[in-house]
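Position 1 is the first residue of the sequence, and the numbers go up from there. Only this structure's heavy atoms are used, side chains among them; waters, hydrogens and symmetry mates stay out. Indexing begins at 1, ligand by ligand and atom by atom, following the structure's order.
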Amino acid sequence: MLIILLGAQGTGKGTVAGILSKQNNWVQLSTGDIFRENIAKGTELGVEADKYISKGCLVPDEITVSMVEKRLEELKNEKGIILDGFPRTLSQAEKLDEILANKGEKVDWVINLETPREEIITRMLNRRVCSNQACKATYNLVLHPSKVEGICDICGSELIRRADDSDSSAIEKRLEIYDKETKP
Ligand code: ADP
Ligand code: ZN
């Protein structure tokens, strides 16, 4: 079972993917999370990806597609995979179809989440994430605050703001890129 979650930033793809994967024992494959893990560990992929992510740009397709292809291969025995944050360009979507076709597979479901733009910006400014890479829980100061301010309910680690959520010009840039590259 392969499911794709589409939607602009801040619509809740990661949250919905997390709920679905827990309920069904599916694996969540989030390209944003993989990039952030690599940035935190300082890997070669992380250093390269950070050049784009810190500016609010998309990571080039070659890097992203080969990373997803490798991860899909590692997950080939899983009964369900939810893609969250991929594909994000027409070319990524076409490459994904090719990768799957080569294995005799296809996309089963696509879920498109929609949220009004003003709400998205507020959500991104209010988003806080767990600093523990193994946990990565997401909170919202208004919609879904942690029980103790600044502390993760699940693991007790400090909650932080994602670097690309902290700067409103990066947020606007990301939404512009969504309109131009992803929405089609
Ligand atoms: P958001 O959807 O809020 O931007 P993500 O965690 O999905 O957050 O992604 C964070 C960043 O990682 C993106 O702004 C982009 O730079 C990069 N990224 C994630 N997925 C992709 C992708 N499929 N193609 C290119 N870049 C990506
Ligand atoms: Zn946590």
Structural part of T64 in contact with ligand 1, heavy atom criterion under 4.0 angstrom: side chain

To which protein heavy atom is atom 24 (N) of ligand 1 closest, and what is the distance rounded to 0.1 Å? Q92 NE2, 2.8 Å

With a 4.0 Å cut-off on heavy atoms, is R127 touching ligand 1? yes

Using the rule given for salt bridge (charged side-chain N to carboxylate O under 4.0 Å, His left out), can you reason through K55 versus D167, listing the C-alpha separation, both sets of side-chain angles and the distance that settles it, and then say yes or no? CA-CA 10 Å; K55 296 195 202 100; D167 164 4; over 6 Å; no

Has Y52 got any heavy atom lying under 4.0 angstrom from an atom of ligand 1? no

At what distance is the nearest protein heavy atom to atom 3 (O) of ligand 1, and which residue and atom is it? R174 NH2, 2.7 Å

Taking atom types as modelled and ignoring hydrogens, do the side chains of S54 and D164 form a donor-acceptor contact shorter than 3.5 angstrom? no

Among all the protein's non-hydrogen atoms, which is closest to atom 8 (O) of ligand 1, and how far away is it? R162 NH2, 2.9 Å

shortest atom 5 (P) of ligand 1-to-protein heavy-atom contact is with R88 NH2, 3.6 Å

Atom indices of ligand 1 within 4.0 angstrom of G85 heavy atoms, with elements: 20 (N), 21 (C), 22 (C), 23 (N)

How far is atom 12 (O) of ligand 1 from the closest protein heavy atom, and which atom is that? I53 CD1, 3.5 Å

Which residue in the set D50, D33, T43 passes side chain to side chain donor-acceptor pair (under 3.5 Å) when paired with N38? T43

What's the SG-the Zn ion (ligand 2)-SG angle here (C130, C155), rounded to 10 degrees? 100°

Of the non-hydrogen atoms in T31 and G85, which two are nearest, and what is the gap between them? OG1-O, 2.9 Å

For atom 26 (N) of ligand 1, grab the closest protein heavy atom and report residue, atom and distance to one decimal in Å. V59 N, 3.0 Å

Atom indices of ligand 1, in the order listed, that fall short of 4.0 Å to a heavy atom of T31: 19 (C), 20 (N), 21 (C), 23 (N)

For the CZ atom of R162 and the OG atom of S131, what is their distance to the nearest 0.5 Å? 14.5 Å

Approximate separation, where rounding is to 0.5 Å, of I99 CD1 and E73 CD: 10.5 Å

Give me the residue, atom name and distance of the protein heavy atom closest to atom 15 (C) of ligand 1. C57 O, 3.7 Å

Determine whether the side chain, the backbone, both or neither of K55 has a heavy atom under 4.0 Å from any heavy atom of ligand 1. neither

State whether the shortest distance between N or O atoms of R36 and N or O atoms of ligand 1 falls below 3.5 angstrom. yes

Before accepting this row, confirm whether a basic side-chain N of the pair R127/D165 lies closer than 4.0 Å to the acidic partner's carboxylate O. yes

For atom 1 (P) of ligand 1, find the nearest protein heavy atom and state the residue, atom name and distance (0.1 Å precision). Q9 CG, 3.2 Å

Under 4.0 Å between a Lys/Arg side-chain N and an Asp/Glu carboxylate O for D108 and K106? yes

Please report the shortest heavy-atom distance between I177 and G56, naming the atom on each side. CD1-O, 3.3 Å

Within reach of ligand 1, part of M124 (heavy-atom separation under 4.0 Å): neither

For K95 against V65, the heavy-atom pair lying closest together: CB-CG1, 3.9 Å

Run the numbers for me: atoms of ligand 1, each under 4.0 Å from some heavy atom of L58, listed by number. 16 (O), 25 (C), 26 (N)

Quiz question: by atom type and distance under 3.5 Å, do the side chains of S146 and D153 form a donor-acceptor pair? no

